[in-house]
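All remarks here apply to the structure that follows.
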Amino acid sequence: KNDEIIEMSVVGHNRGGILVSGADIQGFVPASHLVNIPTNLSEDDREEHLADYMDKCIDLKVIEFEREKRRIVFSERAALAKEGQRNQLLHDLDEGDIVLGVVTNVTSFGVFVDLGGLEGLIHISELSWGRVKHPSDILKVDDEIKTMVINVFADEGRIALSLKRLQENPWELLASKLLPGDVIEATITNIVRYGAFAEIEGCVEGLIHISTMDIPNIYSRIDDFLYEGQQVNVRILSIDANKRRLGLKLESHTLDNDIT
């Protein structure tokens with residue numbers, strides 16, 4: 001609660017980080033929260049760096065505490081900020097604030113950013129207005145970035161951040177300049193059993209439903225004539241900027257050209 005810095009002894013390590021003990025408590029420090037663990041290490045090099053922590057005393061802060069599970073997670077990186085800095089950030093930050101931070105960890109569900117003693121999370125859905133296959137395609141550990149605060153959960157000590165909201169909403173821009181019936185160039189991004197997804201204007205993705213496709217008789221499957229990265233012409237069927245839904249129809253001459 002006081003965001004105190006605690007000195008703990010390193011008593012063990014595993015693939016994920018180090019085990020620490022002191023002041024009648026034990027806990028775990030994830031490798032991503034250790035200051036001297038470089039990113040993109042091989043398994044052997046990672047093991048060597050973690051082993052270097054053995055028997056040392058290091059300054060830490062508690063970042064997670066589950067009393068029922070007797071589980072405590074510490075951070076050496078968070079301890080670089082002065083005592084009380086975490087609580088100060090939770091008190092001072094408001095929705096809509098623009099903040100600077102450093103990427104500390106990239107996972108399949110999002111990116112963690114150190115705001116100077118407090119980590120915030122950019123969920124994968126808040127990284128880009130377009131499709132994101134993996135957060136590592138957008139950001140890397142140690143990247144210095146500017147983000148927007150979208151939620152502050154003071155009681156839980158959590159901050160939700162957004163990268164995409166620093167840019168104009170392309171759905172609103174699209175709805176203001178395109179109408180149903182307009183024909184536009186698009187790039188096929190994904191093939192599914194019920195149709196294909198195509199990207200227009202660089203980041204807005206819409207669905208070409210199979211029911212709108214005039215499939216030539218020589219083809220039996222969608223991926224017989226469409227493939228990821230293919231440039232096609234599509235007709236706008238519907239645009240719903242609020243729900244971020246875009247209905248598209250594949251123009252038949254696109255397939256004629258491919259057949260030729």
Side-chain angles (χ1 to χ4, degrees), residues 1-90 93 99-124 127 134-145 147 153-154 156-161 163:
K1 288 182 179 180
N2 296 329
D3 192 37
E4 295 176 1
I5 294 175
I6 308 170
E7 186 179 74
M8 303 280 282
S9 299
V10 180
V11 295
H13 65 90
N14 55 35
R15 290 181 58 189
I18 59 174
L19 306 174
V20 293
S21 179
D24 297 325
I25 56 174
Q26 294 182 331
F28 179 70
V29 187
S32 61
H33 283 268
L34 293 170
V35 174
N36 296 320
I37 301 293
T39 58
N40 302 321
L41 290 174
S42 67
E43 194 69 30
D44 290 342
D45 288 341
R46 184 186 181 89
E47 172 74 18
E48 183 178 340
H49 278 76
L50 290 171
D52 285 343
Y53 272 89
M54 284 297 297
D55 300 322
K56 292 182 178 178
C57 290
I58 57 176
D59 288 338
L60 302 169
K61 279 188 180 183
V62 175
I63 57 172
E64 291 182 36
F65 174 47
E66 296 180 77
R67 185 184 299 274
E68 295 76 13
K69 296 181 180 180
R70 301 175 64 83
R71 177 176 179 269
I72 307 176
V73 179
F74 294 93
S75 171
E76 184 185 25
R77 191 180 299 276
L80 295 177
K82 64 182 181 180
E83 291 190 352
Q85 182 71 21
R86 177 185 177 91
N87 291 345
Q88 190 66 44
L89 284 169
L90 285 170
L93 290 177
V99 292
L100 297 175
V102 178
V103 175
T104 56
N105 195 20
V106 179
T107 70
S108 60
F109 58 84
V111 173
F112 289 92
V113 180
D114 180 17
L115 304 178
L118 174 66
E119 277 195 330
L121 171 66
I122 308 175
H123 190 266
I124 186 172
L127 284 170
H134 194 278
S136 60
D137 295 333
I138 307 294
L139 293 171
K140 300 290 188 292
V141 172
D142 294 330
D143 282 351
E144 295 184 6
I145 61 170
T147 64
F153 304 95
E156 302 172 27
R158 294 191 297 112
I159 301 289
L161 303 170
L163 189 64

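- For the pair Glu76 (side chain) and Val35 (backbone), a donor-acceptor distance under 3.5 Å is present.
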Margin query: Between Ile6 and Asp59, is the side chain to side chain contact (heavy atoms under 4.5 Å, CB included) condition met? List the steps.
Written below: CA-CA 6 Å; Ile6 308 170; Asp59 288 338; over 6 Å; no
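- Counting heavy atoms from C-beta outward, Leu163 and Leu139 have side chains that approach closer than 4.5 Å.
- Within the 4.5 Å cutoff, side-chain heavy atoms of Leu118 are placed close to those of Leu90.
- The side-chain contact (heavy atoms from CB on, under 4.5 Å) test with Ile122 singles out one residue from Ile145, Ile138, Val103, and that residue is Ile145.
- No more than 12 heavy atoms of other residues, nucleotides or ligands sit less than 6.0 Å from atom NZ of Lys82.
- With a 6.0 Å radius and a threshold of 12 heavy atoms from other residues, nucleotides or ligands, Glu144 has its CD atom at or below the threshold.
- Here CZ of Arg71 is found 11.5 Å from CZ of Phe65. Values are rounded to the nearest 0.5 Å.
- Looking at heavy atoms from C-beta onward, Asn36 lies in side-chain contact with Tyr53 at the 4.5 angstrom threshold.
- Side-chain atoms of Asp45 never come within 3.5 Å of backbone atoms of Glu48 as a donor-acceptor pair (strictly under, hydrogens ignored).
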Result block: side-chain N/O donor-acceptor pairs under 3.5 angstrom for residues 23-30, not counting sequence neighbours:
none

Next item on the list: Any chance you could lay out the side chain to side chain contact (heavy atoms under 4.5 Å, CB included) test for Val11 and Ile18, step after step, and finish with the verdict?
Entry: CA-CA 8 Å; Val11 295; Ile18 59 174; over 6 Å; no
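- Between Pro135 and Gly110 the shortest heavy-atom distance is CG-N, 3.8 Å.
- Separating the OG1 atom in Thr147 from the CG atom in Leu121 is a distance of 10.5 Å, to the nearest 0.5 Å.
- Evaluation of the salt bridge (charged side-chain N to carboxylate O under 4.0 Å, His left out) test over residues 5-23, restricted to residues two or more places apart or in two chains, returns Arg15-Glu43.
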Item checked: Pair Ile58-Phe74, side chain to side chain contact (heavy atoms under 4.5 Å, CB included): steps then yes or no -> CA-CA 11 Å; Ile58 57 176; Phe74 294 93; over 6 Å; no
Next item on the list: For the pair Ser108 and His134, evaluate side chain to side chain contact (heavy atoms under 4.5 Å, CB included) and give the outcome as yes or no after the intermediate values.
Entry: CA-CA 6 Å; Ser108 60; His134 194 278; 4.2 Å; yes
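- Atom-to-atom distance recorded for Met8:CE and Cys57:SG is 10.0 Å, nearest 0.5 angstrom.
- A pairwise comparison of heavy atoms in Phe109 and His123 identifies O-CD2, 3.6 Å as the closest pair.
- One finds the CG atom of Leu60 at 11.0 Å from the CD1 atom of Ile72 (value rounded to the nearest 0.5 Å).
- Across all their heavy atoms, Arg46 and Ala31 have their closest contact at NH2-CB, 3.1 Å.
- Although no hydrogens or angles enter the test, the distance criterion places a donor-acceptor pair under 3.5 Å between the side chain of Asp143 and the main chain of Lys140.
- Separating the CG atom in Asn2 from the CG atom in Asn87 is a distance of 7.5 Å, to the nearest 0.5 Å.
- Distance check: Leu34 CG to His13 NE2 gives 11.5 Å after rounding to the nearest 0.5 Å.
- With hydrogens and angles disregarded, a donor-acceptor distance shorter than 3.5 Å links the side chain of Asn14 to the backbone of Gly17.
- Considering only heavy atoms from C-beta on, Asn105 stays 4.5 Å or farther from His33 through its side chain.
- Here the side chain of Asp114 pairs no donor or acceptor atom with the backbone of Thr104 at under 3.5 angstrom.
- Heavy-atom minimum distance, Ala81 versus Gly117: CB-CA, 3.5 Å.
- Between Phe153 and Ile159, the closest side-chain pair of non-hydrogen atoms is not below 4.5 Å.
- A salt bridge does not link Lys61 to Glu4: none of the charged side-chain nitrogens sits closer than 4.0 Å to a carboxylate oxygen.
- At distances below 3.5 Å, at least one donor-acceptor pair connects side-chain atoms of Glu83 with backbone N or O atoms of Ile5.
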